[in-house]
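This one's a predicted model, so the numbers in the text were calculated from it and none came from an experiment.
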Amino acid sequence: MSGDHQTLALVLFSAFVAVTLGITTWVSRGRRGSAEEFYAGGRLFSPMENGFAIAGDYMSAASFLGISGLIALFGYDGMLYSVGFLVAWLVVLLLVAELVRNCGRFTLADVVAARMRERPVRIAAGTSSVTVSVLYLVAQMVGAGSLVALLLGSTSAAARTWTVIGVGALMVVYVSLGGMRATTWIQIVKAVLLMAGAVTLTVLVLVRFHGDVNALLNTAVAHSGHGEEFLAPGLKYGGDWTARFDFISLGLALVLGTAGLPHILSRFYTVPTARAARRSVVWSIGLIGGFYLMTIVLGFGAAALVGSDAVRASNPAGNTAVPLLALDLGGGAGSTGGTVLFAVVAAIAFATILAVVAGITLASSASVAHDLYASLRRARGEPRGEVAVARTAAAGIGAVAIGLSLLAQELNVAFLVGLAFAVAASANLPVLLYSLFWRGFTTRGAVWSVYGGLVPALLLVVVSPVVSGSPEALFPGLDFHLFPLQNPGLVSIPLGFLAGWIGTVTSHEEPDEAKHAQAEVRSLTGAGAV
């Protein structure tokens, strides 16, 4: 990559980092000791502000870089990610947004613990939330490594390693100093930048083909190397029955996983009422829906203008398709327009990664402090101590995510997010739905539901082709895979629901009818909600 690209993009990177650090510093001058301030931003955000922040949280590197890259490489089958990510929001809107806001205070465990014995439930839900968050963080950091490697024209391990470490350090600063208020404003700024960048690139792609979508698709077919199969189902998931079951597993994970993501659920607590939470989701659906429609155009545009082989040569997983498309749309390598557009898109993608990792880190550190620490130390009455633990936890979680992401540099970021969604759908969604809608649900059922989904999901990933037994695996030289599917959702999600049912029906504990009635009224009406 030319020196002009590097200089301009690094200037824009630095500008965004400076702005976000400024926001963090400004916010940190306010109240810092309150748990409500640190975890939920004082619950002072409007539905529109929170809707933009939710969209900023959700439209991650997996969306901007990973999905467009998969479409550029696999056509129709890559487009399934866009559909799955969007449809998932209907589950969130219809089933959990208002109810979660009414029942909880800061985390998923608050909702479950409202009618169960707190300590075992909080430990289980907190463990699950931290695990899902770390998996999601790995995906974002892999995207950061791919992006900066492309920018610097270097695929060396050192360049990626220092990039990942830098992103990890920044996210710890954002969370430790600014809490939810700073994280939310960073998300809003990032969402506006990302939508503006996506709209600009989409318009330029359509202008290049004079608004003729058919010409765009035909050119993508011609440059894909796959012929007409590029626009037909089955290029990635249609080879045999294993691939087809993998597709079903992925679809289940994407559609059901969003409602179990800790950093998404925590956003519902930043608004004052349940009605505001639902309106936030409506705003976010509009933004996210428009964005995912644009990723389809960008993916096929990259295949048509850059070519699938060139995308794959730059990054085998396709994570650099959008920056390469921007370079071509601006006039190609060496042109002023190409330099500017590439740098802007690279900076927006980097901003996307920084903002999302801040939100995920905050949610996971909240789970450590509010659920795990508070349960183990019985320090629920010491919010200042709890917030201090959350700040410390942010550093520890960042270190773990950095270490894991260095192992997964060659995997597609959208695929990695699919794994995080599968774990969320397996461990968090069953216990959440049972707690909200099953009158007879017990503490044992809640604990079994979490671990009954979490443990199988993680074990199945370890013994899947993702870790060993294939050229694209984390350890390509080893082969200890026993499970044929790359995504465990098809097996682990039903196991989570089944474990919760078995744990409940075998429990000697009598369900607390009074607590259930109280939680039901609170969830549906908001009476007594914090």
Identify, with sequence neighbours excluded, every residue that meets side chain to side chain donor-acceptor pair (under 3.5 Å) alongside Ser284. none

Do Thr442 and His508 have side-chain heavy atoms sitting under 4.5 Å apart? no

Approximate separation, where rounding is to 0.5 Å, of Leu231 CG and Met79 CE: 8.5 Å

Using side-chain contact (heavy atoms from CB on, under 4.5 Å), reason through Ile493 and Phe497 one step at a time and then give a plain yes or no. CA-CA 7 Å; Ile493 295 173; Phe497 281 99; 3.9 Å; yes

Where the side chain of Thr295 meets the backbone of Tyr292, is there a donor-acceptor pair that is under 3.5 Å apart? yes

Minimum heavy-atom distance between Thr127 and Ile123, given as atom pair plus value: OG1-O, 2.7 Å

Val461 backbone acceptor or donor facing Ser464 side chain under 3.5 Å: yes

Quick one: list whatever passes ring pair (Phe, Tyr, Trp, His ring centres under 6.0 Å) with Phe52, sequence neighbours left out. none

Contacts of Thr202 meeting side chain to side chain contact (heavy atoms under 4.5 Å, CB included) (sequence neighbours excluded), chain-then-number -> Leu206, Met294, Val297, Leu298

What residues form a side chain to side chain donor-acceptor pair (under 3.5 Å) with Asn50, not counting sequence neighbours? Arg267, Thr270, Ser280

Heavy-atom side-chain contact between Val447 and Tyr451 under 4.5 Å: yes

Tyr76 OH: over 12 foreign heavy atoms closer than 6.0 Å: no

Looking at CE of Met48 and CD1 of Ile188, how far apart are the two atoms once the value is rounded to the nearest 0.5 Å? 8.0 Å

Beyond-backbone contact of Leu80 with Asp77, side-chain heavy atoms, under 4.5 angstrom: yes

Is it true that a side-chain atom of Ser129 and a backbone atom of Gly126 form a donor plus acceptor pair closer than 3.5 Å? no

Whether the side chain of Ser128 engages the backbone of Ala124 through a donor-acceptor N/O pair (distance < 3.5 Å, no angle test) should be reported. no

Contacts of Ser266 that satisfy side chain to side chain donor-acceptor pair (under 3.5 Å) - sequence neighbours left out: none

Distance (rounded to the nearest 0.5 Å) between Ile71 CD1 and Phe300 CZ: 6.0 Å

Using residues 245-260 as the side-chain source, report each donor-acceptor pair under 3.5 Å to any protein atom, sequence neighbours left out, with the distance given to one decimal.
residue: Asp246; atom: OD1; partner: Gln486; partner atom: N; Å: 3.1
residue: Asp246; atom: OD1; partner: Asn487; partner atom: N; Å: 3.1
residue: Asp246; atom: OD2; partner: Gln486; partner atom: N; Å: 2.9
residue: Ser249; atom: OG; partner: Asn487; partner atom: O; Å: 2.6
residue: Ser249; atom: OG; partner: Asn487; partner atom: OD1; Å: 3.4
residue: Ser249; atom: OG; partner: Gly489; partner atom: N; Å: 3.0
residue: Ser249; atom: OG; partner: Leu490; partner atom: N; Å: 2.8
residue: Thr258; atom: OG1; partner: Tyr58; partner atom: OH; Å: 2.9

Checking Lys190 side chain against Ile348 main chain: does a donor-acceptor pair fall under 3.5 Å? no

Mind checking the CD1-CD1 spacing from Ile288 to Ile54? Nearest 0.5 Å is all I need. 7.5 Å

CD1 of Ile264 to CG of Asp57: how many Å apart, nearest 0.5 Å? 5.0 Å

Could you check Glu49 against Thr184 for side chain to side chain donor-acceptor pair (under 3.5 Å), going step by step and ending with a plain yes or no? CA-CA 8 Å; Glu49 290 170 344; Thr184 299; over 6 Å; no

Can you tell if the side chain of Leu429 reaches within under 4.5 Å of the side chain of Leu433, non-hydrogen atoms only? yes

Heavy-atom distance under 4.5 Å between the side chains of Pro262 and Val132, does that happen here? yes

Pairs flagged by salt bridge (Lys or Arg N to Asp or Glu O under 4.0 Å) wherever residues 253-263 is involved - sequence neighbours left out: none

By the salt bridge (Lys or Arg N to Asp or Glu O under 4.0 Å) test, which pairs, at least two apart or in different chains, include something from residues 431-459? Arg439-Glu513, Arg439-Glu520

Ignoring hydrogens and geometry, is there a side-chain-to-backbone donor-acceptor pair from Ser468 to His481 under 3.5 Å? yes

Applied to residues 450-459, the salt bridge (Lys or Arg N to Asp or Glu O under 4.0 Å) test, sequence neighbours excluded, yields none

Any residue meeting ring pair (Phe, Tyr, Trp, His ring centres under 6.0 Å) with Phe441, in chain and number order, not counting sequence neighbours: Tyr434, Trp438

Residues which pass side chain to side chain donor-acceptor pair (under 3.5 Å) with Ser426, listed by chain and number, not counting sequence neighbours: Ser492

The criterion is salt bridge (Lys or Arg N to Asp or Glu O under 4.0 Å); which residues satisfy it with Arg275, sequence neighbours excluded? none

Between CH2 on residue Trp448 and CD1 on residue Ile502, distance to nearest 0.5 Å: 7.5 Å

